[in-house]
Amino acid sequence: MNFLKLLRQPKGTLLILTIMSCLQLNSQEACRIEYDNDSNGIINTVDHKRYDENGNTIYLGRDGGADGVIDGATTYAYDSISNFLGLQSDRNNDGLIDALSIYTYDSLGNQLTYDYDENNDGEPDLSERFHYNENGDLIKFERFGSDRSILVLYLYFYGTSFNLDSTFQYFGMDSTLRSFQYFEYDEYNREVMEFHDNNRDGIPNRILKTAYYEDSSVKQVIQLKSIGGNPERIDSFGYFSTGWVRYTTIDTDSDGILDKAEEVTFRDDG
């Protein structure tokens with residue numbers, strides 16, 4: 001982890017948001033992350049993180065008052081190919097597990113289940129199930145409440161090029177159609193247009209238009225309210241040669257003035 005700091009620049013005001021320092025401990029890496037959210041030189045919060053040899057976070061301890069006392073801690077688990085298996089949360093750092101999440105996958109690495117137990121009583125308070133076709137494409141997603149009643153159902157459909165063609169979202173036990181989306185792709189099978197019809201009237205009321213660099217990394221995402229309408233938001237991205245995001249800028253009202261900008265810098269050793 002050579003990441004040193006993240007600079008946030010809303011409306012031209014430079015803030016040092018994050019400063020990270022790390023030590024190598026055998027095959028793991030331990031990092032201290034300090035947050036100065038008010039840009040007044042005073043550290044508000046400190047996170048203590050540990051990473052495994054694959055760069056996955058395996059421990060997070062949060063010192064919410066930056067007073068040297070860990071207020072709560074979370075541990076994370078992964079399988080041999082870095083699939084995320086779950087987490088255990090000790091919210092007041094008393095050594096007892098307060099909440100946990102569990103994930104499972106099929107032999108292809110596709111996620112099959114997610115269960116969240118809010119109070120660690122052995123009964124999931126929220127569950128999700130994922131279903132795939134023979135090509136490994138997601139075709140159905142279900143979310144259930146603690147009483148096993150269905151909260152949300154998504155159905156996914158694919159075109160002849162195996163790109164996602166459309167999705168339909170149903171809400172609640174009555175299977176009422178809530179919204180649907182459809183997509184367009186360029187000759188390189190990159191998604192260039194995403195249409196959202198949240199009123200179910202056949203007229204998109206939210207459109208995302210994506211532009212790419214030559215290496216297919218995302219250059220810009222433009223959000224519009226209608227076809228041919230003026231942009232409502234523009235997100236732009238730049239990258240290091242390694243593929244890491246170097247900066248992001250957000251113009252939330254498309255007035256040419258950046259409402260948010262973030263830039264990553266690294267130590268001299270890269």
Side-chain angles (χ1 to χ4, degrees), residues 3 5-18 35 37 39 111 128 130 135-141 143 152-171 176-266:
F3 171 83
K5 61 184 177 181
L6 170 65
L7 302 178
R8 176 175 291 176
Q9 189 177 6
K11 294 296 185 181
T13 302
L14 187 63
L15 300 179
I16 299 179
L17 176 67
T18 306
Y35 299 88
N37 296 322
S39 187
Q111 184 179 342
E128 295 176 349
F130 303 80
N135 298 315
D137 301 314
L138 181 66
I139 57 174
K140 184 167 71 170
F141 165 80
R143 178 175 294 146
V152 178
L153 168 67
Y154 285 90
L155 299 178
Y156 301 82
F157 299 89
Y158 297 83
T160 54
S161 62
F162 302 104
N163 286 321
L164 182 61
D165 181 62
S166 58
T167 68
F168 293 81
Q169 179 188 11
Y170 296 88
F171 182 74
T176 301
L177 179 60
R178 185 175 182 177
S179 66
F180 66 90
Q181 305 167 26
Y182 54 98
F183 309 85
E184 291 182 0
Y185 300 83
D186 64 13
E187 66 272 22
Y188 303 106
N189 286 329
R190 302 179 302 194
E191 181 187 313
V192 293
M193 298 290 286
E194 180 178 325
F195 302 90
H196 296 248
D197 182 359
N198 296 323
N199 299 324
R200 308 173 306 281
D201 58 2
I203 301 175
N205 49 24
R206 182 169 177 260
I207 302 167
L208 297 177
K209 184 178 180 180
T210 304
Y212 298 87
Y213 290 103
E214 290 185 359
D215 62 358
S216 291
S217 57
V218 175
K219 179 179 182 180
Q220 197 172 68
V221 178
I222 302 174
Q223 180 174 313
L224 307 96
K225 195 169 184 178
S226 62
I227 297 176
N230 294 323
E232 290 192 324
R233 170 172 169 155
I234 301 175
D235 292 35
S236 301
F237 306 87
Y239 303 85
F240 291 102
S241 59
T242 57
W244 283 60
V245 175
R246 183 170 65 86
Y247 70 84
T248 62
T249 62
I250 300 175
D251 180 358
T252 57
D253 47 14
S254 187
D255 61 358
I257 300 175
L258 297 181
D259 299 280
K260 180 181 178 181
E262 295 185 350
E263 180 179 1
V264 175
T265 61
F266 290 82

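Treat the numbers as computed from the prediction; the structure is a model and nothing was measured.
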Original post:
Should the pair Phe130 and Phe141 be assigned to parallel (<30°), tilted (30 to 60°) or perpendicular (>60°) ring geometry?
Top reply: tilted
Subject >> side-chain hydrogen bond (donor to acceptor under 3.5 Å, both in side chains) partners of Thr252, counting only residues at least two apart >> reply: Asp259
Subject >> Heavy-atom side-chain contact between Tyr185 and Glu191 under 4.5 Å >> reply: yes
**OP:** Provide the closest heavy-atom pair for Pro231 versus Ser254 in the form atom of the first, atom of the second, distance.
**Re:** O-CB, 3.0 Å
**OP:** Taking all non-hydrogen atoms of both residues into account, name the closest pair between Val245 and Phe240 and its distance.
**Re:** O-CE1, 3.9 Å
**OP:** Could you check Val221, Ile222, Val192, Asp235 and say which one makes a side chain to side chain contact (heavy atoms under 4.5 Å, CB included) with Thr210?
**Re:** Val221
Original post:
CD of Glu214: more than 12 outside heavy atoms within 6.0 angstrom?
Top reply: no
**OP:** Check whether any side-chain heavy atom of Val152 lies under 4.5 Å from a side-chain heavy atom of Tyr170, and answer yes or no.
**Re:** no
**OP:** Mark yes or no for whether Arg200, through its side chain, and Leu177, through its backbone, hold a donor-acceptor pair below 3.5 Å.
**Re:** yes
Original post:
Hey, what do you get for CG (Leu224) to CE (Met193), rounding to the nearest 0.5 Å?
Top reply: 7.0 Å
Original post:
How many angstroms lie between OH in Tyr239 and CG in Asp215, if you round to the nearest 0.5 Å?
Top reply: 8.0 Å
Original post:
Of the options Gln181, Lys140, Gln169, Arg143, which is the one that meets Tyr154 in a side-chain hydrogen bond (donor to acceptor under 3.5 Å, both in side chains)?
Top reply: Gln169
Original post:
From Asn163 CG over to Asp137 CG, what is the distance, rounded to the nearest 0.5 angstrom?
Top reply: 9.5 Å
Subject >> Nearest-0.5 Å distance that lies between atom OG in Ser236 and atom NZ in Lys219 >> reply: 8.5 Å
Original post:
side chain to side chain contact (heavy atoms under 4.5 Å, CB included) with Phe183: which of Leu164, Asp165, Leu208?
Top reply: Leu164
**OP:** List the atom of Val218, the atom of Tyr213, and the distance in Å for their closest heavy-atom pair.
**Re:** O-CE1, 3.8 Å
**OP:** Look only at the side chain of Tyr182 and the backbone of Asp197, and say whether a donor-acceptor pair between them is shorter than 3.5 Å.
**Re:** no
Original post:
Which atom names give the shortest non-hydrogen contact between Tyr212 and Ser216, and what distance separates them?
Top reply: CD2-O, 3.2 Å
Original post:
Should the heavy atoms of other residues, nucleotides or ligands under 6.0 Å from CG of Asn135 be counted, would the total exceed 12?
Top reply: yes
Original post:
Among all residues two or more places apart in sequence or in another chain, which pass the salt bridge (charged side-chain N to carboxylate O under 4.0 Å, His left out) test with Arg178?
Top reply: none
Original post:
Within a strict 4.5 Å, meaning less than it, do heavy atoms of the Ser179 and His196 side chains meet?
Top reply: no
Original post:
How long is the span from the NZ atom in Lys209 to the CD atom in Gln220, to the nearest 0.5 Å?
Top reply: 9.5 Å
Original post:
To the nearest 0.5 Å, what is the distance between CG (Asp251) and CD1 (Ile234)?
Top reply: 5.5 Å
Subject >> Beyond-backbone contact of Tyr158 with Leu138, side-chain heavy atoms, under 4.5 angstrom >> reply: yes
